[in-house]
Colleague: 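Once you've had a glance at the structure underneath, I'll fire off some questions.
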Amino acid sequence: MKKLIKEKNNILTDMLEGLALTNDNIEIISETVVVKKNKKNSGVALVSGGGSGHEPAHAGYVANGMLDAAVCGEVFTSPTPDKILDAIKAVDTGDGVLLIVKNYAGDVMNFEMAQEMAQMEDIKVERVIVNDDIAVSDVEKRRGVAGTVFIHKYAGYLADQGLSLKDIKNKIEAFIPKIKSIGMALTSPMVPTTGKYSFDIDDNEMEIGIGIHGEKGLHREAIQSVDVIIERLLDELLKEVKDQSLIVMVNGMGGTPLSELSIVAKYLNQQFQEHDIAAKQWFVGDYMTSLDMQGFSITVVPYSEEIEKGLLAPTTSRYF
């Protein structure tokens, strides 16, 4: 295993110490909780998190205009309820806290437990669950993937506008079903804590419909050129997306060069044009990764001036 680490049991703490060292706007509390150094005095606070390995998510979005705190678990492992509770208590202003949770069993269970513990201490806490991955046919079981970052950004915008906890939750819950994502991979991620790949895949194969924890996808096929890969993904998206104007994210999975993501954007746009779809706003880069997996995902959202305004509003995050 070739990894730039010292000790596999210290990956998370070493990473967070380096992050705090190079970012003056955050600090680390309770060992694995990243919070904004300048805490809000009023307004709704936003807390998200999950297993590590998805960088820059989630700690990279602790910034003005986005999250107030991110709770980091070990690689591909949900953070524990006590750490989530520490994050809630650290950022609560008295106006309430919104938990933004990806739809994975461990995350849902642990964030729910933390919410209940916070409510027992008279802290107002609400929770939204992101499930944008259309590779899972059962809507209730759909995973939260790169579309979660759009929720971080839009919720941050709403909080900056001074909306109440109830109003932000209602707007986010109306937004979540509109976000659709699907991804693919050429390689499996190497998990540094185990020294093993998440799944085996031959050099001439690709996986369609992967998750962000190295889960296998819908189909395994012989690798194709990028335009054919995009056609396969778009076929799945267009089964659910009927809008003709979209906001689009091309998200790298951690091991894909920006040059290749730009190539994806070119051919994706060509196929949009063939379907009379206009991409009104693009986001291209690494937003929600899976360690060093080579691949990408496409996330689309129906265009609206309100959503575009929220996504383009100022943030001090270096990664959005």
Colleague: Going through the distances and angles, do Val47 and Val91 end up as a side chain to side chain contact (heavy atoms under 4.5 Å, CB included)?
Modeller: CA-CA 8 Å; Val47 175; Val91 300; 3.7 Å; yes
Colleague: Is it the case that the side chain of His54 and the backbone of Ser290 share a donor-acceptor pair, with hydrogens and angles ignored and the cut-off at 3.5 Å?
Modeller: no
Colleague: What distance do Asp132 atom CG and Lys178 atom NZ have between them, rounded to the nearest 0.5 Å?
Modeller: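 Result: 15.0 Å between the selected atoms.
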Colleague: Transitively linked via ILVMFWY side-chain contacts under 4.5 Å: Met288 with Val301?
Modeller: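 Yes.
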Colleague: Using the test ring-ring contact (aromatic ring centres under 6.0 Å, His included), find all partners of Tyr104 that sit at least two apart in sequence or belong to another chain.
Modeller: His213
Colleague: Do Lys102 and His58 pair up side chain to side chain, a donor and an acceptor below 3.5 Å, judged on atom types alone?
Modeller: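 Indeed, the side chains of Lys102 and His58 share at least one donor-acceptor pair under 3.5 Å.
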Colleague: Counting only heavy atoms not in Glu305 (residues, nucleotides, ligands), do more than 12 fall under 6.0 Å from its CD?
Modeller: no
Colleague: Are Asp95 and Ser42 close enough that a side-chain donor and a side-chain acceptor fall under 3.5 Å?
Modeller: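 Distance-only check fails for Asp95 and Ser42.
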Colleague: Is it the case that the side chain of Ser78 and the backbone of Gly50 share a donor-acceptor pair, with hydrogens and angles ignored and the cut-off at 3.5 Å?
Modeller: no
Colleague: May I ask you to check whether over 12 heavy atoms, not counting those of Met113, lie within 6.0 Å of atom CE?
Modeller: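 It does not: Met113 CE has 12 such atoms or fewer within range.
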Colleague: Mind running ring-ring contact (aromatic ring centres under 6.0 Å, His included) on Phe150 and Phe283 for me, showing each step along the way?
Modeller: CA-CA 10 Å; Phe150 277 160; Phe283 297 87; 5.4 Å; yes
Colleague: Would Glu240 and Arg142 pass as an ion pair if we require N to O under 4.0 Å?
Modeller: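 Here Glu240 pairs with Arg142 in a salt bridge, since their nearest N and O are under 4.0 Å apart.
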Colleague: Given the rule that I, L, V, M, F, W and Y join up when any side-chain heavy atoms are under 4.5 Å apart, are Leu67 and Ile179 in one cluster?
Modeller: yes
Colleague: Using only atom types and a distance under 3.5 Å, with no angle test, would you say the side chain of Asn110 pairs donor to acceptor with the backbone of Pro81?
Modeller: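 Not a single qualifying donor-acceptor pair exists.
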Colleague: Would you say the side-chain atoms of Glu55 pair up with the backbone N or O of Ser52, donor to acceptor, closer than 3.5 Å?
Modeller: no
Colleague: Can you tell me if Lys141 has over 12 outside heavy atoms packed within less than 6.0 Å of its NZ?
Modeller: no
Colleague: Do the side chain of Thr289 and the main chain of Gly254 share a donor and acceptor less than 3.5 angstrom apart?
Modeller: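 It does not hold such a pair.
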Colleague: Using modelled atom types only, decide if a donor and an acceptor are shared between the side chain of Thr193 and the backbone of Val75 within a distance under 3.5 Å.
Modeller: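 No, the answer is negative, given that no donor and acceptor are paired below the 3.5 Å cut-off.
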Colleague: Is there a side-chain contact between Lys36 and Asn64, using heavy atoms and a 4.5 Å cut-off?
Modeller: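 Sidechains of Asn64 and Lys36: in contact.
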Colleague: Kindly indicate whether the side chain of Arg143, heavy atoms from C-beta on, has any atom under 4.5 Å from the side chain of Glu215.
Modeller: yes
Colleague: Under a single-linkage definition using a 4.5 Å side-chain heavy-atom cutoff for Ile, Leu, Val, Met, Phe, Trp and Tyr, are Val71 and Leu85 assigned to the same hydrophobic cluster?
Modeller: no
Colleague: Among residues two or more places apart or on two chains, list those pairs meeting salt bridge (charged side-chain N to carboxylate O under 4.0 Å, His left out) that have a residue in residues 310-320.
Modeller: none
Colleague: Can I get a per-line list of side-chain donor-acceptor pairs under 3.5 Å for residues 241-250, giving both atom names and the distance, sequence neighbours left out?
Modeller:
{"from": "Lys242", "atom 1": "NZ", "to": "Leu238", "atom 2": "O", "distance (Å)": "3.0"}
{"from": "Gln244", "atom 1": "NE2", "to": "His275", "atom 2": "O", "distance (Å)": "3.3"}
{"from": "Gln244", "atom 1": "NE2", "to": "Asp276", "atom 2": "O", "distance (Å)": "2.5"}

Colleague: Using a strict cut-off of less than 4.0 Å between a Lys/Arg side-chain nitrogen and an Asp/Glu carboxylate oxygen, indicate whether Lys89 and Glu121 qualify as a salt bridge.
Modeller: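 Here Lys89 pairs with Glu121 in a salt bridge, since their nearest N and O are under 4.0 Å apart.
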Colleague: Please say whether more than 12 non-hydrogen atoms of neighbouring residues, nucleotides or ligands are located less than 6.0 Å from CD in Glu31.
Modeller: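 It does not: Glu31 CD has 12 such atoms or fewer within range.
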Colleague: Could you pull out all donor-acceptor pairs under 3.5 Å where a side-chain atom in residues 255-263 meets a protein atom, sequence neighbours excluded?
Modeller:
{"from": "Thr256", "atom 1": "OG1", "to": "Gly295", "atom 2": "N", "distance (Å)": "2.8"}
{"from": "Thr256", "atom 1": "OG1", "to": "Gly295", "atom 2": "O", "distance (Å)": "2.6"}
{"from": "Ser262", "atom 1": "OG", "to": "Leu258", "atom 2": "O", "distance (Å)": "3.2"}

Colleague: Atom CD1 in Ile172, atom OH in Tyr154: separation rounded to 0.5 Å?
Modeller: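 The OH atom of Tyr154 is 6.5 Å from CD1 of Ile172, to the nearest 0.5 Å.
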Colleague: Taking side chain as C-beta onward, heavy atoms only, is Lys40 less than 4.5 Å from Asp68?
Modeller: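 Yes, side chains in contact.
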Colleague: Less than 4.5 Å apart, side chain to side chain, heavy atoms only: is that true for Ile229 and Tyr267?
Modeller: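 No; the side chains remain at least 4.5 Å from each other.
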Colleague: If you measure from CZ on Arg220 to CE on Met206, what distance do you get to the nearest 0.5 Å?
Modeller: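 Atom-to-atom, Arg220:CZ and Met206:CE are 11.5 Å apart.
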Colleague: With side chains defined as the heavy atoms from C-beta onward, is the minimum distance between Lys3 and Met190 less than 4.5 Å?
Modeller: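 Yes, close enough: below the 4.5 Å cut-off.
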Colleague: How about Lys171 and Leu163: do any of their side-chain heavy atoms sit closer than 4.5 Å?
Modeller: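 Sidechains of Leu163 and Lys171: in contact.
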Colleague: What residues, two or more places apart in sequence or in another chain, satisfy salt bridge (charged side-chain N to carboxylate O under 4.0 Å, His left out) together with Glu231?
Modeller: none
Colleague: Give the C-alpha distance, both sets of side-chain angles, the deciding distance and a yes or no for side chain to side chain contact (heavy atoms under 4.5 Å, CB included) between Met253 and Ile210.
Modeller: CA-CA 10 Å; Met253 301 306 295; Ile210 46 86; 3.9 Å; yes
Colleague: Apply side-chain hydrogen bond (donor to acceptor under 3.5 Å, both in side chains) to the pair Tyr303 and Gln281, showing each step before the final yes or no.
Modeller: CA-CA 8 Å; Tyr303 175 81; Gln281 190 64 241; over 6 Å; no
Colleague: Of all heavy-atom pairs between Ile88 and Ala118, which one has the smallest distance, and what is that distance?
Modeller: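 That would be CG2-CB, 4.0 Å.
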Colleague: Glu27: what forms a salt bridge (charged side-chain N to carboxylate O under 4.0 Å, His left out) with it, not counting sequence neighbours?
Modeller: none
Colleague: Whether the side chain of Asp138 engages the backbone of Glu140 through a donor-acceptor N/O pair (distance < 3.5 Å, no angle test) should be reported.
Modeller: yes
Colleague: Heavy-atom count check: over 12 atoms from other residues, nucleotides or ligands less than 6.0 Å from Asp200 CG?
Modeller: no
Colleague: Answer whether the closest heavy-atom distance between the side chains of Val128 and Leu99 falls below 4.5 Å.
Modeller: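 They are not in contact (no side-chain heavy atoms under 4.5 Å apart), so the answer is no.
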Colleague: Please determine whether residues Val130 and Ile307 belong to a single hydrophobic cluster, defined as Ile, Leu, Val, Met, Phe, Trp and Tyr linked transitively by side-chain heavy-atom distances below 4.5 Å.
Modeller: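 As far as the 4.5 Å side-chain criterion goes, Ile307 and Val130 are connected within one cluster.
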Colleague: Just by distance, do the side chain of Gln115 and the backbone of Val125 share a donor-acceptor pair under 3.5 Å?
Modeller: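 Side chain of Gln115 to backbone of Val125, a donor-acceptor pair under 3.5 Å: yes, one is there.
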Colleague: Going by atom types only, do Asp133 and Ser181 share a side-chain donor-acceptor pair under 3.5 Å?
Modeller: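 On atom types as modelled, these side chains do not qualify, holding no pair under 3.5 Å.
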Colleague: Going only through I, L, V, M, F, W and Y residues with side-chain contacts under 4.5 Å, is there a path from Val284 to Ile277?
Modeller: yes
Colleague: Ignoring hydrogens and geometry, is there a side-chain-to-backbone donor-acceptor pair from Lys83 to Cys72 under 3.5 Å?
Modeller: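 Flag not set: sc Lys83 to bb Cys72 has no pair under 3.5 Å.
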Colleague: Taking atom OH of Tyr197 as the centre, report whether more than 12 heavy atoms of other residues, nucleotides or ligands fall under 6.0 Å from it.
Modeller: no
Colleague: Quick check: do Leu311 and Tyr157 have side-chain heavy atoms less than 4.5 Å from each other?
Modeller: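 A side-chain contact is absent here, since even the closest heavy-atom pair is not under 4.5 Å.
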Colleague: Please check if the number of heavy atoms outside Lys166 that lie under 6.0 Å from its NZ is greater than 12.
Modeller: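 No, NZ of Lys166 has 12 or fewer neighbouring heavy atoms, counting only those of other groups under 6.0 Å.
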Colleague: Measure the CD-CD distance between Glu173 and Glu126 for me, rounded to the nearest 0.5 Å.
Modeller: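 So the CD of Glu173 and the CD of Glu126 are separated by 8.0 Å.
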Colleague: To the nearest 0.5 Å, how far apart are CD in Gln271 and CD in Glu274?
Modeller: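 Between atom CD of Gln271 and atom CD of Glu274 there are 6.0 Å.
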Colleague: For the CD1 atom of Ile208 and the CG atom of Asp235, what is their distance to the nearest 0.5 Å?
Modeller: 10.5 Å
Colleague: With ring-ring contact (aromatic ring centres under 6.0 Å, His included) as the test, pick out the partner of Tyr287 among Phe320, Tyr61, Tyr319, Phe296.
Modeller: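 The residue from Phe320, Tyr61, Tyr319, Phe296 that satisfies ring-ring contact (aromatic ring centres under 6.0 Å, His included) with Tyr287 turns out to be Phe320.
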Colleague: Between Lys180 (side chain) and Pro177 (backbone), is there a donor-acceptor pair under 3.5 Å?
Modeller: yes
Colleague: Under 4.0 Å between a side-chain nitrogen and a carboxylate oxygen: does that hold for Lys309 and Glu306?
Modeller: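 Salt bridge flag = no for Glu306 with Lys309.
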